[in-house]
2 protein chains.
Amino acid sequence: MRDVAALAGVSHQTVSRVINHAPGVTAATREAVEAAIHQLGYRPHAIARSFAEGRTRTLGCVAPNLTDFTYASNMEGAESVLRRHGYDLLFASYHDRPFESVVETLVARRRIDGLIVISPYVDLPVSALPADFPLVLMGGCPREDVNHLVYLDNRDGARQATEHLLALGHTNIAQVTGPQQEDCVIERDAGYREALAAAGISRDPLLTLEGDWSATSGYEAFAAIPPEATAAVAQNDRMAVGLIRAARDGGLRVPDDLSVIGFDDMPLASYFDPPLTTMRQDTFAIGQTCAEQLIAALAGSAQDGRAVRLVSELVVRSSTGPPAQRR
Amino acid sequence: MRDVAALAGVSHQTVSRVINHAPGVTAATREAVEAAIHQLGYRPHAIARSFAEGRTRTLGCVAPNLTDFTYASNMEGAESVLRRHGYDLLFASYHDRPFESVVETLVARRRIDGLIVISPYVDLPVSALPADFPLVLMGGCPREDVNHLVYLDNRDGARQATEHLLALGHTNIAQVTGPQQEDCVIERDAGYREALAAAGISRDPLLTLEGDWSATSGYEAFAAIPPEATAAVAQNDRMAVGLIRAARDGGLRVPDDLSVIGFDDMPLASYFDPPLTTMRQDTFAIGQTCAEQLIAALAGSAQDGRAVRLVSELVVRSSTGPPAQRR
DNA sequence: CTGAAAGCGCTAACAC
DNA sequence: GTGTTAGCGCTTTCAG
């Protein structure tokens, strides 16, 4: 920068003005400086700038992992908008370490200006963050303890899924859940119950099985599903796929003997056999929304925060259908 | 830091020594400083440190996108080892902007100390980077123009896949490729040809169809496959799945009328119908290896660089089998 | 073993 | 419109 200033015959401050597109520079000076910059191949030092400015122009994004398509897609959506706003994106996963340590590294040491947390866990210690730190939480239900929230209405989604099965004529509807302490599991379970209750069906606890989101757990859950069930709502597509496989291995036809609906509309959901009926969520858009919220929070607008509610949409394919005669 | 020094009754320099675990501090002083740090809740300012040190302790990772499981998994593997070494990970995708702009933002402005580039493109302009910048390229074939390279031997993988079909007795083996300018496509095509040549089979250009990695493109490719083909190697699993769907829609049985082998062993590959025979690559380990290489490069060891070759492994499931009688 | 001084490259506040 | 002066919070170098 000093060299540029010398070459252009101005002070380093004028160079600073030029690279920051600050007003109050003659066109002539500006051109001279730009010529010098070009000639010297000068590039502003991002770290020095961050240091002087007191902000990093870098935002963090933490997710449980990346291999889950849902999270990866969220993050990609967020990246696309943050990048457009001139921010860099620091990524951290917290599957192998406590969330607090992420906060410690990224926030307490002031490496980032704001944070997007993708979390299916209701008990995430957001309190580990300074109260006024720009934070957007991507969660699975409404909550009061966080300023900026983007959430997928899981309760509504599960209700829709269950209603779809009810509308087809099913009355014995099983449920395969994720780990029961997770936020969205609780919500989806609530939606399932609400739909049953609204249909005047008393809920049989034996019809609910707990999995761990994996296809294998869906497969294993099948063995525990009472034979009178004619349909099942799986809380994600992987478990739905496992369940279908197990049902077929057990000699059942899908959907004739057992209808199965999933959740997520993962890639290739339509390429399974039978093509999966599922609840679609636009994960890319969710990520984008989170990023927009964060940008707004950083700009100081939306000071009070607001919760953005997103809903999932039923996609009917061929893994659900009316119940067949008694099997 | 000044406050900590004052409270502990030492200079800020001693505080610096303590937080950096530098030698030459009395146990007593150290304890006093640590007490002060704890009491004040002091955290070193990462940016100030980076600025003073002249390095950022942040590494970059660029990939075409995140939603492709392969890349996401690479990146997650890389993150796990970088994190362990105290580095942060800056992520950037380049599906919507030139690679050079990534270099500009991250490297030229010195936001990162090193870079992992996940690239299926042979023509990636690594020359945009300063020659001595710590770089690890995750590619699809050996190449000379880069110091640190981790590559999956795609030629070998495609050869294995094709040999598997040959061993089953197929002689008319079609191929569905990705976009033909991509690195790994060229390599996989070469492996396919090599296997055919070794079996004394002359290659029929009509048997090779170009797709775009999507399941849809695999589906569409089917229409162009000559009816005498009894088997096909798809260059990824998604296209394999699309191809299988199309074959069945066309009244063929898989694998009896058409054997299909994929590439990647993507999640749930075994849950498709039929379970997919494919070439497995350990994408998480590949990412880890890239990170280790980068760490080594930063440490100055491995100065001359070396190429790490990884191979994929045949996973036989049920989408391949011996050819049936003439269909 | 500890302290003092200098400086990393930039922006912000004010003076000219 | 442009230059001058500080100073961001730390590490490095060198004295004591």
Side-chain angles (χ1 to χ4, degrees), chain A residues 1-37 40-58 86-88 104-113 298, chain B residues 1-37 40-58 86-88 104-113 298:
Chain A
M1 183 158 169
R2 187 179 35 220
D3 299 342
V4 171
L7 180 60
V10 299
S11 77
H12 72 269
Q13 179 51 274
T14 300
V15 177
S16 171
R17 288 195 183 95
V18 171
I19 62 183
N20 288 301
H21 306 100
V25 182
T26 326
T29 346
R30 171 176 305 276
E31 273 167 32
V33 171
E34 278 166 353
I37 287 176
L40 265 37
Y42 165 78
R43 291 289 180 289
H45 188 131
I47 300 298
R49 174 182 285 181
S50 294
F51 182 49
E53 262 190 326
R55 65 199 199 106
T56 62
R57 294 172 190 274
T58 302
Y87 285 95
D88 281 326
E104 163 67 25
T105 320
L106 265 36
V107 180
R109 305 172 80 116
R110 288 187 274 175
R111 228 180 257 276
I112 57 176
D113 296 339
L298 288 165
Chain B
M1 185 159 168
R2 188 179 34 220
D3 298 343
V4 171
L7 180 60
V10 299
S11 76
H12 72 269
Q13 175 51 345
T14 300
V15 177
S16 171
R17 287 195 183 92
V18 170
I19 62 182
N20 288 301
H21 306 101
V25 182
T26 327
T29 335
R30 171 175 306 277
E31 273 167 31
V33 171
E34 278 166 353
I37 287 176
L40 264 38
Y42 165 78
R43 291 288 181 291
H45 188 133
I47 299 299
R49 173 183 284 181
S50 293
F51 180 50
E53 262 190 326
R55 64 199 199 109
T56 62
R57 295 174 189 275
T58 301
Y87 285 95
D88 281 326
E104 164 66 24
T105 320
L106 264 36
V107 180
R109 306 171 81 117
R110 289 187 275 174
R111 228 179 256 275
I112 57 175
D113 296 338
L298 288 166

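Heavy-atom basis, side chains included; hydrogens, waters and symmetry copies ignored.
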Of the options B/Val18, B/Val4, B/Thr29, B/Val15, which is the one that meets B/Glu34 in a side-chain contact (heavy atoms from CB on, under 4.5 Å)? B/Val18

Quiz item: A/Glu53 side-chain donor-acceptor pair to C/dA12 base, under 3.5 Å: no

Can you say whether a donor on the side chain of A/His12 sits under 3.5 Å from an acceptor on the base of C/dT11, or the other way round? yes

Got A/Arg43 and B/Glu104 here, is their nearest side-chain heavy-atom distance under 4.5 Å? yes

With a non-hydrogen cut-off below 4.0 angstrom, is [X] in contact with a base, only sugar-phosphate, or nothing?
X       : result
B/Gly24 : base
A/Arg17 : base
A/Thr29 : sugar-phosphate

Comparing nearest nucleotides in DNA chain C, the 5'-proximal residue of the pair B/Arg110, B/Gly9 is B/Gly9

Nearest-Å distance, [atom1] ([X]) to [atom2] ([N])?
X        : N      : atom1 : atom2 : answer
B/Arg111 : C/dG9  : CZ    : C1'   : 14 Å
A/Met1   : D/dG3  : CE    : P     : 12 Å
B/Ile47  : D/dT11 : CD1   : P     : 13 Å
B/Arg2   : D/dG7  : CZ    : P     : 11 Å
A/Ile19  : C/dA12 : CD1   : P     : 11 Å
B/Asn20  : C/dC1  : CG    : P     : 17 Å
B/Arg49  : C/dG9  : CZ    : P     : 19 Å

Listed nucleotide nearest any side-chain atom of [X], set [options]:
X       : options               : value
B/His45 : D/dC10, D/dT11, D/dT2 : D/dC10
A/Gln13 : D/dT2, D/dT4, D/dT11  : D/dT4
A/Thr14 : C/dG3, C/dT2, D/dG3   : D/dG3
A/Ala48 : C/dT2, C/dC10, C/dT11 : C/dC10

Is the distance from OP1 or OP2 of D/dT11 to the nearest side-chain N or O of B/Ser16 less than 4.0 Å? yes

Phosphate OP1/OP2 of C/dT2 contacted by B/Thr26 side-chain N/O (<4.0 Å): yes

Is the side chain of A/Thr58 donor-acceptor paired with the backbone N or O of A/Asp88 at a distance under 3.5 Å, no angle test? no

For the pair A/Thr56 (side chain) and A/Arg111 (backbone), establish whether a donor and an acceptor sit closer than 3.5 Å, ignoring hydrogens and angles. yes

Using the rule for Phe, Tyr, His and the six-membered ring of Trp, do B/Phe51 and C/dC8 stack at under 5.5 Å and under 30°? yes

Test side chain to side chain contact (heavy atoms under 4.5 Å, CB included) applied to B/Arg110 and A/Ile47, step by step: CA-CA 7 Å; B/Arg110 289 187 275 174; A/Ile47 300 298; 5.7 Å; no

